[in-house]
Amino acid sequence: MRRATPLLPALAACLLLAACGSERSGTPDSGPGTAGPPPRTQVTDPGVDGVRITSMTVPTASPSPSRGLGVHADSLPRGPVDPVVSAEYEVTNTGTEALTYTIVFTFSSSAGEAMSHQRETVGAVGAGKTVRGTVALAELPPGASPVTRVKITEVTKVPSDEAPAGTGDCPPSGIRVTADEGDAAMGLRVVGLHLENCGKRDYSVEGYPQLELLDDEHQPVDGVRILQGSGAVSSAAGPDEPPRPVTLKPGEKATSTLVWRNTTQSGTPVDVPYVRVRAKAGADPFMVTPHLDLGTTGQLGVRPWQRAVE
């Protein structure tokens, strides 16, 4: 089972690339039978949460605007490493601290069919700074429809000093905490938390991870009880194990689990996009993005740390 709402609805506003203001870039065709560089279409769009696409490039024979939003182009023959489509984007941090952004770009056909999702992480964008980048789709499965559009379907941002370090980068604390994509079925949600000792010394935990539930602005979310164990939420996720001391040698891992239901009855549903996690009291925090759709249940179960089974 898989988490039912992997993309924030509020952030799923399409950045379908507007067909106005297109221009070609590069050197003109040098003669008959010689294809010039793909056209680059300039884009004017307010973007999503500080991230916007500024231009796109599609290998085309004769680009022409399609009806409605977006740019449509007939595909040129291409080599095995030529990009199908690429988009230039910029990330602007209007906050007061450095942020790390995770952006999901969706590549789709002219009919609106999503052909691929590309996740990009842009780290340490300073306060008031703008960082630019390019996302490209190198190839598609055989028989797939040509990609002619790009949109931003999700943006999350966390303080850079709380961002989970990527593989190969170990924080000064010697540990990293990450969250997986989770599972979902029949209204029951389960997301795993993963603690890795990436340092050079043993690291010990006992009991439950310390959690803070945060909204889109990284402010505390009130009215949700954090329960030790998942039995009060559901027995379908399996029995709770009692907390035990866990000592991780360098390279070893432990896991915990968040369990909740997204039942909606009377009241206002609660969505929690961010969770600040400390492996234990006093530990350095990590901010993860499990997107807790808690409905009106008002509770979240957390299981104790256990040694991961390889």
Atom of [X], atom of [Y] and distance for their closest heavy-atom approach:
{"X": "L137", "Y": "S116", "value": "CD1-OG, 3.6 Å"}
{"X": "I152", "Y": "V155", "value": "CG2-CG2, 3.7 Å"}
{"X": "A179", "Y": "V191", "value": "CB-CG1, 4.2 Å"}
{"X": "F286", "Y": "P164", "value": "CD2-CA, 4.0 Å"}
{"X": "L300", "Y": "L213", "value": "CD2-CD2, 3.9 Å"}
{"X": "V85", "Y": "F107", "value": "CG1-CD2, 3.3 Å"}

Can you tell if the side chain of [X] reaches within under 4.5 Å of the side chain of [Y], non-hydrogen atoms only?
{"X": "N93", "Y": "T130", "answer": "no"}
{"X": "V277", "Y": "P285", "answer": "no"}
{"X": "P250", "Y": "D202", "answer": "yes"}
{"X": "D271", "Y": "L294", "answer": "no"}
{"X": "L292", "Y": "V275", "answer": "yes"}
{"X": "V272", "Y": "L214", "answer": "no"}
{"X": "V221", "Y": "V270", "answer": "yes"}
{"X": "M287", "Y": "P159", "answer": "yes"}

Verdict with reasoning, D216 to D49, per side chain to side chain contact (heavy atoms under 4.5 Å, CB included): CA-CA 10 Å; D216 285 322; D49 211 11; over 6 Å; no
To the nearest 0.5 Å, what is the distance between [atom1] on [X] and [atom2] on [Y]?
{"X": "E88", "Y": "T54", "atom1": "CD", "atom2": "OG1", "answer": "5.0 Å"}
{"X": "T297", "Y": "Q265", "atom1": "OG1", "atom2": "CD", "answer": "9.5 Å"}
{"X": "L99", "Y": "Y101", "atom1": "CG", "atom2": "OH", "answer": "4.5 Å"}
{"X": "R261", "Y": "T296", "atom1": "CZ", "atom2": "OG1", "answer": "12.5 Å"}
{"X": "T156", "Y": "R119", "atom1": "OG1", "atom2": "CZ", "answer": "7.5 Å"}
{"X": "M56", "Y": "T134", "atom1": "CE", "atom2": "OG1", "answer": "13.0 Å"}

Step by step, would you call V302 with I226 a side chain to side chain contact (heavy atoms under 4.5 Å, CB included)? CA-CA 7 Å; V302 56; I226 299 176; 4.0 Å; yes
Decide yes or no on salt bridge (charged side-chain N to carboxylate O under 4.0 Å, His left out) for D284 and R278, but give the supporting numbers first. CA-CA 6 Å; D284 289 348; R278 288 178 170 84; over 6 Å; no
Evaluate R276 against E162 for salt bridge (charged side-chain N to carboxylate O under 4.0 Å, His left out), listing each step before the verdict. CA-CA 8 Å; R276 179 176 283 127; E162 297 184 34; 2.8 Å; yes
Look at R52 together with E90 and state whether they make a salt bridge at an N to O cut-off of under 4.0 Å. yes
Would you please say whether a donor-acceptor pair under 3.5 Å links the side chains of [X] and [Y]?
{"X": "H194", "Y": "T255", "result": "no"}
{"X": "T153", "Y": "T106", "result": "yes"}
{"X": "S230", "Y": "D240", "result": "yes"}
{"X": "T100", "Y": "S160", "result": "yes"}
{"X": "R149", "Y": "S109", "result": "no"}
{"X": "E154", "Y": "H291", "result": "yes"}
{"X": "S204", "Y": "T247", "result": "yes"}

Run the ring pair (Phe, Tyr, Trp, His ring centres under 6.0 Å) test against Y89 and tell me which residues pass, sequence neighbours left out.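 Y89 satisfies ring pair (Phe, Tyr, Trp, His ring centres under 6.0 Å) with F105 once adjacent residues are dropped.
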May I have all residue pairs that pass salt bridge (Lys or Arg N to Asp or Glu O under 4.0 Å) and include part of residues 100-112, sequence neighbours excluded?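 Every pair satisfying salt bridge (Lys or Arg N to Asp or Glu O under 4.0 Å) with a residue in residues 100-112: there are none.
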Would you sort out whether V224 and Q299 count as a side chain to side chain contact (heavy atoms under 4.5 Å, CB included), showing the intermediate values? CA-CA 5 Å; V224 178; Q299 59 185 17; 5.5 Å; no
Partner set under side chain to side chain donor-acceptor pair (under 3.5 Å) for [X], not counting sequence neighbours:
{"X": "T102", "result": "none"}
{"X": "R307", "result": "E252"}
{"X": "E113", "result": "none"}

Any sub-3.5 Å donor-acceptor pair from [X]'s side-chain atoms to [Y]'s backbone N or O?
{"X": "N197", "Y": "L248", "answer": "yes"}
{"X": "T148", "Y": "S110", "answer": "yes"}
{"X": "W305", "Y": "A279", "answer": "yes"}
{"X": "D180", "Y": "G192", "answer": "yes"}
{"X": "S256", "Y": "R303", "answer": "yes"}

Before you tell me yes or no, could you show the steps for K253 and L195 under side chain to side chain contact (heavy atoms under 4.5 Å, CB included), namely the whole-Å CA-CA distance, both residues' side-chain angles and the distance that decides it to 0.1 Å? CA-CA 5 Å; K253 301 177 182 179; L195 167 63; over 6 Å; no
K280 to Y208, cation-pi by 6.0 Å centre distance and 45° axis angle: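 So K280 doesn't make the cation-pi contact.
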Report the residues that fulfil salt bridge (Lys or Arg N to Asp or Glu O under 4.0 Å) with K200, sequence neighbours left out, ordered by chain and then residue number.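 With sequence neighbours excluded, K200 shows a salt bridge (Lys or Arg N to Asp or Glu O under 4.0 Å) to no residue whatsoever.
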